[in-house]
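Have a look at the structure below before the remarks.
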Amino acid sequence: MTSTFPTVTRDGDDKFAEMAARIGAIAAANASGHDRDATFVSEAYEAMREEGYLALAVPEELGGLGATMRQVCYAQAELARYDGATALAVTMHLYLTLMQGYRRRKGAPDAEGVLRRVAAEGLVIATSGGSDWLWPTTTATPVDGGFLVNGRKTFCSQSPRANVVATSAVLGEEVLHFSAPLNADGVRIEETWDTLGMRGTASHDVVLEDVFVPAEKIAARRPYGEFGAPLFAAVVHFAPVCGATYFGIAAGARDVAVRSTSKSATRQIGLMDYKLRTAWWSLMGSIDELGEDYTANAESTTTVMLAKRHAVVEAIEVVNVAMEVLGGRSFFRRSPLERAYRDVRAGTFHPLTPEATLVYAGKVAQGDPGVTE
């Protein structure tokens, strides 16, 4: 039986895949319990800390492992084959470290300090990006030296382990982007995460009540309801890593089906491999299209978001086919496909959603790179 993990096309693409597999084995041993109880995948995160995986995307000169975006995607695809919740939780941290690397290259004065803390202190960054998106409801009120922030953030993955949350708040017609320490006065986590799938991500709500944010900690600003530089930078790095994670879930489901069935399912196995290969080619092709010295803007956002859409939609179909191959055996809670069926569906909820991606791509093609629905 051949694995669906993609053939390495460039030397070093899979440099960190073995590390991801070691962490994945630990995640898999605990996955069913975390899924059942909706508890955080803490054992896998401890393994990540020990292995240095949390600093995967931090440049080597700053103390990290120096992984490229392609290498991060290969590693995440491997990790997700073992447990989707573990891979998705750390996706939120890894894409933000990739984004900070991009900001550093573009001259952002605060980015290097963040990256050094990730490498030296094990700083873990959560995000509320999926719940805030273009129109956050959290508000910022000016006070001496900064702002008081009030609001509730949902979908804050890995919140039990994170040290800060990258988030935003509205000030008049403007949106302020900043990070708030999760142990700051006025910040609390409410354990609200009780969902169909991805239960081990512990994506609880983070509540902010009169949280003081110093003026110098405002990392960026954008007009309300528009992408602006901060969101473009976020989505360009989120989309490939997110897509690779859902690819990995589907690849793991395919492998379960191949190991557990007879030659009567030959065509269905071929169909799964077709979908997986074209999804991976799409993700890697989008990164290649970005090039080395890319700029996060409407065009690059369209490039990676279309690839993410393809990977997410095809991942769902692959898991569906894998369940058809196994038949009624996949319906039992003890089947790894039962969890994969639930976990993989979360991919359709991340911005941009599959339908919104098509709308946005159409708008950009027509010369309107503004707001998406």
Side-chain angles (χ1 to χ4, degrees), residues 15-17 19-20 22-23 27 40-76 79 86-130 153 156-168 177-184 187 189 201-203 206 213-214 216-220 230 233-242 244-245 296:
K15 180 179 179 180
F16 304 103
M19 179 192 297
R22 291 194 298 271
I23 296 166
F40 183 57
V41 291
S42 55
E43 300 87 355
Y45 264 64
E46 178 58 25
M48 291 181 207
R49 185 193 64 77
E50 293 176 357
E51 294 264 10
Y53 195 83
L54 295 168
L56 185 64
V58 176
E60 289 183 343
E61 65 268 23
L62 302 183
L65 298 182
T68 65
M69 194 185 306
R70 285 178 67 97
Q71 290 172 331
V72 171
C73 287
Y74 270 82
Q76 283 295 97
L79 180 58
T86 295
L88 183 63
V90 78
T91 286
M92 304 308 168
H93 168 79
L94 291 175
Y95 96 79
L96 288 168
T97 53
L98 282 168
M99 184 188 76
Q100 292 295 346
Y102 167 82
R103 294 182 67 243
R104 176 176 177 249
R105 294 192 298 274
K106 295 296 183 181
D110 61 317
E112 182 168 321
V114 174
L115 291 167
R116 288 188 181 277
R117 289 190 64 195
V118 170
E121 303 173 21
L123 182 77
V124 175
I125 313 169
T127 176
S128 66
K153 308 295 186 179
C156 295
S157 299
Q158 54 173 358
S159 55
R161 175 61 181 84
N163 305 104
V164 299
V165 58
T167 189
S168 60
H177 288 260
F178 57 91
S179 292
L182 288 173
N183 64 356
V187 179
I189 296 172
T201 63
S203 303
V206 173
V213 178
E216 64 270 18
K217 295 297 184 180
I218 302 300
V235 299
V236 164
H237 298 92
F238 170 72
V241 183
C242 175
T245 295

What pair of heavy atoms forms the shortest contact from [X] to [Y], and how long is it?
| X | Y | answer |
| --- | --- | --- |
| Ala202 | Ser159 | O-OG, 3.1 Å |
| Gly66 | Gln71 | O-OE1, 4.0 Å |
| Ala166 | Ser179 | CA-OG, 3.7 Å |
| Val118 | Ala55 | CG1-CA, 4.1 Å |
| Pro240 | Cys73 | O-SG, 3.5 Å |
| Ala75 | Leu56 | CB-CD2, 4.1 Å |

Checking [X] side chain against [Y] main chain: does a donor-acceptor pair fall under 3.5 Å?
| X | Y | answer |
| --- | --- | --- |
| His237 | Leu96 | no |
| Tyr102 | Ala296 | yes |
| His93 | Ile125 | yes |
| Glu50 | Ala47 | no |
| Thr86 | Val41 | no |

Are the side chains of [X] and [Y] in touch, meaning some heavy atoms are under 4.5 Å apart?
| X | Y | result |
| --- | --- | --- |
| Val164 | Leu123 | yes |
| Val165 | Leu182 | yes |
| Leu115 | Glu112 | no |
| Glu51 | Met48 | no |
| Ser128 | Cys156 | yes |
| His177 | Ile218 | no |
| Val90 | Gln76 | yes |
| Leu65 | Val58 | no |

Hey, what do you get for [atom1] ([X]) to [atom2] ([Y]), rounding to the nearest 0.5 Å?
| X | Y | atom1 | atom2 | result |
| --- | --- | --- | --- | --- |
| Glu43 | Ile23 | CD | CD1 | 13.0 Å |
| Asn163 | Glu121 | CG | CD | 8.5 Å |
| Lys153 | Ile189 | NZ | CD1 | 14.5 Å |

* Asked: Under the side chain to side chain donor-acceptor pair (under 3.5 Å) test, which residues partner Ser168, sequence neighbours left out?
  ->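 Here the qualifying residues are Asp132.
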
* **With Ala111 via side chain to side chain contact (heavy atoms under 4.5 Å, CB included) - residues at least two apart** =>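 In terms of side chain to side chain contact (heavy atoms under 4.5 Å, CB included), with neighbours along the sequence ignored, Ala111 is linked to Gln100, Arg103, Arg104, Ala108.
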
* Which of these passes side-chain contact (heavy atoms from CB on, under 4.5 Å) with Leu54: Thr97, Val124, Leu94? ->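 For Leu54, the side-chain contact (heavy atoms from CB on, under 4.5 Å) test succeeds with only one of Thr97, Val124, Leu94, which is Val124.
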
* To do: Evaluate the ring planes of Tyr95 and Phe238, with Trp represented by its six-membered ring, and classify them as parallel (under 30°), tilted (30 to 60°) or perpendicular (over 60°).
  =>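 Ring orientation, 0 to 90° scale: perpendicular.
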
* Asked: Can you check whether Phe40 and Tyr45 have ring centres sitting under 6.0 Å from each other?
  ->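 That pair passes the under 6.0 Å test.
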
